[in-house]
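Working notes, beginning with the structure itself.
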Amino acid sequence: MSDAVAEKPKAITSRHDPRFEVTLYKYIGVENSHTLEFYQSHGGYESAKKAITSMKPVDVVEEMKKSGIRGRGGAGFPTGLKWSFMPPVDGRQRYIVCNADESEPGSCKDRYVLEDDPHQLIEGMIIAGYAISATKGVLYIRGEYYLGYERLYKAIQDAKAAGLLGKNLFGTDFEYEIILHRGAGAYICGEESALMNSFEGFRANPRLKPPFPAQAGVYSLPTTVNNVTSLASAVHIIGKGADWFSGMGTDDSKGFHHVQVSGPAKRRGVYEVPMGISYREIIFDLAGGPTEEVKAFIPGGSSCPMFPFTDQYLDMPMEYASVAKAGSMLGTGGIMLIPQNKCMVDALYNVVRFYAHESCGKCTPCREGVSTWLPSMYKKMLAGLGEKGDLELLEDVSSNIRGRSFCPLADACIMPVQASIKHFRPEYEYIIEHGKSMYPRQSRWAD
Amino acid sequence: MKVKVNDVELDLAPGTSAIDAVFAAGYDVPYFCSQEYMSPIGACRMCLAVVGAPRKERDGSWTMDEATGQPKIFYFPNPMATCTTAIMEGMVIDTLSDVTKKAQGGMMEMHLINHPLDCPTCDKGGACELQDRAYEYGSGHSRFIFDKRHNEKHHALSELITLDRERCIHCKRCVRYFEEVPGDEVLDFIERGGHTFIGTVEEGLPSNFSGNITDICPVGALLDTTSRFRGRNWEYDHTRSTSLDDASGSAITIDARTGRIERIKAALNTQVNKNWIDDGTRFGHEYAASSDRIKTPMLRKNGKLEPVTWEEATLFISEKLKKLSDNQLGIALRSDATLEEGVAAKSLAEYLKTGQIDHYPRYASSVISANPASFNDLATAGAIFVMADATEEVPMVDLRIKDALKGVTPPTLMAHGVPIADLRLKERMPRKTNILSVAAPYRVDLMKYAAHSMVYPTGTEVEVLKQIIDASTDAGKALKESLSAAEKAVIVLGAFVLNSAEASKLADDLAKATGAKVMKLGAMANSFGLESQDVLPAKADYSYPNMLSGSAKALIVSGLNPAQNAEVAQALLKLELLVVHDLFENETTALAHVVLPAKSGYEKEGTVVNLEGRYLNVNPAPVDGGQAVDFTGFVKELGDALNERLEGRSVRSARRLLKKSLELDLSELPLEGTIASAKAGKVAGLKTNTSGNALLVPSMVRSEYLNRNAHLFASTGGNALRLHPADAASHNLSAHDVISVSVGGFKRRLSVQPSESVPEGMMLLPALPDQPVGLVQLDLNSIKKEQVALEVA
Amino acid sequence: MVELETLKPFFAERQDVLNEILGRYPDYGRRSAVMPLLWEVQREERQVNEARIHEIAEILGIQPTEVKGVMSFYSTYHEHAIGKYHLQICSTLACSLAGSDEMYDFISEETGLVNGETDRQGLFSIQKVECLGSCTTAPVLQVNDTYYERVGKSRCQTLLEAFRRGEMPEPWRERYGDNEGAEKAKPLQNTIKTGGNA
Ligand SMILES: Cc1cc2nc3c(=O)[nH]c(=O)nc-3n(C[C@H](O)[C@H](O)[C@H](O)COP(=O)(O)O)c2cc1C
Ligand code: SF4
Ligand code: SF4
Ligand code: FES
Ligand code: FES
């Protein structure tokens, strides 16, 4: 009978916290984890059953809202809120789309779910479908992920055979099916409206918004698009409760995320981490620290502006607000280390070339600016032909592209360019003045 | 909705795009991808402007700006593409700020970096949106020092259209056009990113409306092949006129240079053709500049036609005429003669006391409906029944039906005209094919777009209509019900119905029973006008076919070539006087006593009445036609010889007369024309064949001129004999064989086109003015192969 | 005399495959089948030629131009036949930082081919590709549908030799994070304050 307010336990923000347990990635890498048998014998499909048999769709949406989870595809839009945007049920077919096009350089967190735990994703899609009253799901997987495609294909077959997809799920009248669709090599298909065009059999140019997918998505029908780990997280949010999920992270960023450490790190790999963890802990304690001197890191996939490799940024908590305040984005959590002796101009040429190759060509600033002009300027500098004024031109052209394009792809290219100039301007000036890189190219190929 | 553009406050309809707000306010933003009547897509990013709007608090009141006491304007973080931004209450659009200017200038620069800038050798030079905008918004110098993208420069997309891939700025107008307007997706972007280019897999851009892309391409990437390298835009005289190619009254611009027509473009008539014309109209002009035009009057002397003066020619005619008794002279005009020419012909007939006057080709029943449908009725109809080959008879009817399928009503015009970005239009809109039913004696193009279509046996129009009126079949019943149920229903009747008085009557009954409006497709550009002006025989026996078979002792024909028929040619030999007024020498001029040079439809001044009953001006392009005159000119010359100031001796004089009867001043018609009510004329019964093994069908490409329209000839392969592959095999014909054959007494030269869409046992060939739509007997024994198609082993 | 060989329709003898693919999509979404149909042809014939474009258009009731527009948008449908072993070298940043540029040079030298080329025997095609979504195991070499990760020089050499023998080695796994199993990814202790160039 104490009237003391029960003190809320401090949220988990470190993997050193003994309460932290790897959940979504628990069975990744475990033999046979992709089979239905394995999944079911490890508690699989219990969350879907719970949602469908004991919760109303709105309750599922509310639970998602309460968990505070934000989209893991890059934009970080609150998932529960997105689900609640679906128009009232009006008899039209509704769709949930899983965006498994994962192509942002530095990102590979979705791949292992697709390959090693496909049923977890299917369960997440069932829950999402139930929540938004969609009886069809579309799973758009990038074309290169063939192993993932095969495993998903089989998993969907098995789930169907086991009555986990199809009619009368868990003895209710809820029905659900999944259409598995392979991409064929185009980064822009990750952008949700381009994805829908691609799925419908059109050229994958992004669509005009509005209308947003909730009003007119796949086949112009009400649609919600979510990333793989956003959907897979739903399994655990429903299974363990929103409070469990929001028991991790910070005020602004709840739950766990999956960071993917690449570049020169000892233990590069994918790590499930609580939000609010510091970049230092990720890079040093999880990934084992750099294998060579590092000058910068990209926090969330190549389109997120890089940070210098300094205490200020390393000690920053990984949460949406802090990273945004520091001038970048959490993105997909793809953390890439850039070594000291890699020429920054060369590194950015690589990034620019990627976006140049992936531009869909619809709008002028991206087709002409990103896809043509920018790579030419970088090539010129790298060929030692830089001239006075080139950097200013690059900056000016960048400013003419930034915020002017039809979809965010062009910005995704310009932001890292601008960040590199901001933090590593001397390297640009050096290459222009001396006609050669401050850090000449050297072989990075290990045996 | 109140919006403010710079310093101008406007009140505009919700749904208006910001770009249209800017233009409505009298300001300008550059744009390339937006195009009137097509979906805005926001691709070129030229129309950027700083845009802001006030916000509402939870309680619905405006968030106020403390400093000004006015609603606070929240600006979007980036300049917005105004073409894809809908206005909001209180929106502020700033097109003059430095941010806007930098955004536009930057985009202009990027448009130019890969553009070849070969304006000196570009047909679009001087009329190029890129050139104009670069001048207005560009910086004048390029900071792009790299190699430009190289690509194919003279790529023939078809016989009619040439593509220069380097000049393309990827605005997507052409690609969207094909999908959104005619619905033929025959052009697309290939590859992506900086490598994207325009291309097609289909041979020859199979669409009846492909040429419009040459008008809307903002640069010189898509060019009209008939006029390539023929002249610079500033050298052309641009004449706005009305097309005489069919009964639509479509607006065209005639571009002529040094007395020669080089190009036809679509002109805007928001009520009729919008911005579009069909390929027959656009590319079918070359004949007019043909070098073998008749330039002077000619008189037959010692069996040979010799050039003479107009005086000599008309003196000869007048002497002959004086010897005739009443009702012995026949006068016949082709049905694309202007109203003024019709008045002139009538006044001549009156003066010479003959009731033998007619226009041809025409149908057995009237083309003037009691309850006529306008194009806008058609475009907004909820149910449409087409009993015609509308695409070939009046192609614009086909296009405007496609508007109805989209279900978007014609836009409300704004201060600056047609909205530049109509946000109701979208790419790949669903089409309401369910509202369209099409019936014809063979598979017609429009059937591709219709949910309900019916191919009936040739000549059974009466039975088909009865089934609908009596609702005696399921399909007939459903159609009748849908016509009755629709708020606005339109029945489109073409030659196959109008050729039969009985079928026409039934169709009118159906219209009455269902409340549908009726659109009757006149045979030619002024069928409606000439009928309404009663350019018709006094009695059935005096109709044009009768004149040819003996009712007339003397004959004046304008634009007609009756002697193509061997039997008629024999009859014509007996005439005391045969006067032919035409463009080219032909079978009839070969028999004529007098041959007079005529003006082509691009050279005339006058008026036509389109199938809606809309009076539209035809304006003359400055073309060197020698001593050619239209029929009013002929009446003047003849009057001079007769010492008589005949009414209708000039366009002005004809219009004076028409002003009285019509209460309409034809010299002051608005550009869009004027619809006036009209009564059906007394159409004396024409006999039509009820049997035959071949069907003469309408053609958007004028078959009488096809030989002289080199590019159209190349693209169509010439006048075709279409027949079922099985029939082709049994007649020992193969695709592309060129044959000569006797068809109803006419010697026709045709290229063989086997096609599954023709019913077995029926052969189709294009009609001619003197051999109009209907059944005919093709003499299979007379087939001679002139050119045998290459056999593929 | 050269006999013109008539190309048999691809799906004529694969009606079950065709029906399975068409059956995945709702009636109103028939056009969605364009990518899977292209995939079938590409995998079987290592290219999609114009005849197949027309065939697919016919099946879907759309224009061949539209099929071409779609097909050419993507990197993995090819107009000309690719080799039996399609060596796709990821050249995006993470792989580049792990030596993929040198890997490309090596493969190019070994095969005598440059980016985009196929050898005359139709054995190898080499192509630089963009991020394969396997950045934590860079550099990555994708051969047909198989990922080979952490391809060091000797592994690369071994692979090429195997392909020349007509073998397709099983891909290996060498990962460090939770993707190799959560147990192995336990954080190192107490290194928290090390590193960083202040
Ligand atoms: C150029 C571009 C590429 C993108 N690529 C991906 C992607 O590969 N995977 C993904 O999940 N989201 C991607 N997105 C974000 C999606 O558009 C969308 O926001 C996301 O799938 C929504 O899911 P979420 O709310 O669960 O994050 C991309 C966005 C852009 C602009
Ligand atoms: S920014 Fe423009 S060109 Fe680039 S991907 Fe987006 S829409 Fe396409
Ligand atoms: S060809 Fe002309 S209309 Fe077509 S996309 Fe290029 S510039 Fe635009
Ligand atoms: S973006 Fe092209 S007109 Fe607006
Ligand atoms: S950069 Fe090679 S897999 Fe991502």
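Excluded from the calculations below are hydrogen atoms, water molecules and symmetry mates; all remaining heavy atoms, backbone and side chain alike, are included. So you know, we letter chains A, B, ... as the sequences are listed, proteins then strands, and number each from 1.
- Among C/Pro36, C/Pro139, C/Ser72, C/Ser91, the residue making the largest number of heavy-atom pairs under 4.5 Å with chain A is C/Ser91.
- Looking at C/Cys90, neither its backbone nor its side chain comes within 4.5 Å of chain A, counting heavy atoms on both sides.
- Contacts between residues 92-109 of chain C and chain A, defined by a heavy-atom separation under 4.5 Å, are made by C/Thr92, C/Leu93, C/Ala94, C/Ser96, C/Leu97, C/Ala98, C/Gly99, C/Asp101, C/Glu102, C/Met103, C/Phe106.
- The pair C/Lys153-C/Glu110 fails the salt-bridge criterion, with no side-chain N (NZ, NE, NH1 or NH2) lying under 4.0 Å from an Asp/Glu carboxylate O.
- For residues 15-23 of chain C, heavy-atom neighbours of chain A at less than 4.5 Å comprise C/Glu20, sorted by residue number.
- Only the side chain of A/Leu221 comes within contact range of chain C, with at least one heavy atom under 4.5 Å from a heavy atom of that chain.
- At distances below 3.5 Å, not a single donor-acceptor pair connects side-chain atoms of C/Thr137 with backbone N or O atoms of C/Arg150.
- No other option in A/Gly106, A/Ala287, A/Pro290, A/Ser302 has as many heavy-atom pairs under 4.5 Å with chain C as A/Gly106.
- Between A/His181 and C/Tyr25, the ring centre distance stays below 6.0 Å.
- Most heavy-atom pairs under 4.5 Å with chain C: of the set A/Pro308, A/Cys108, A/Gly288, this distinction falls to A/Cys108.
- In this structure, A/Arg151 is not positioned above the aromatic face of A/Tyr153 in the sense of NZ or CZ being under 6.0 Å from the six-membered ring centre and within 45° of the axis.
- Geometric assessment of A/Arg142 against the ring of A/Tyr145 yields a positive cation-pi assignment under the 6.0 Å and 45° thresholds.
- No more than 12 heavy atoms of other residues, nucleotides or ligands lie within 6.0 Å of CD in C/Glu170, so this atom counts as exposed by the packing criterion.
- Taking the charged nitrogens against the carboxylate oxygens, A/Arg441 and A/Asp346 do have a contact shorter than 4.0 Å, which makes a salt bridge.
- Contact check on A/Arg280 versus A/Asp311 returns a salt bridge, with a Lys/Arg side-chain nitrogen under 4.0 Å from an Asp/Glu carboxylate oxygen.
- For the pair A/Glu292 and A/Arg444, the salt-bridge criterion is met [side-chain N within less than 4.0 Å of a carboxylate O].
- Judged by a 6.0 Å distance limit and a 45° cone about the ring axis, A/Arg182 is positioned over the six-membered ring of A/Tyr149.
- Annotation: C/Glu167, atom CD; neighbour count of heavy atoms from other residues, nucleotides and ligands within 6.0 Å is above 12.
- When each of C/Gly181, C/Ser134, C/Cys135, C/Ala33 is checked for heavy-atom pairs under 4.5 Å with chain A, C/Cys135 comes out on top.
- Using a 4.5 Å cut-off between heavy atoms, A/Gln442 contacts chain C through its backbone alone, with no side-chain atom that close.
- By number of non-hydrogen pairs under 4.5 angstrom with chain A, the leading residue of C/Tyr176, C/Tyr77, C/Trp39 is C/Trp39.
- Highest contact tally toward chain C, considering only A/Val138, A/Leu147, A/Val22, is held by A/Val22 [criterion: heavy-atom pairs under 4.5 Å].
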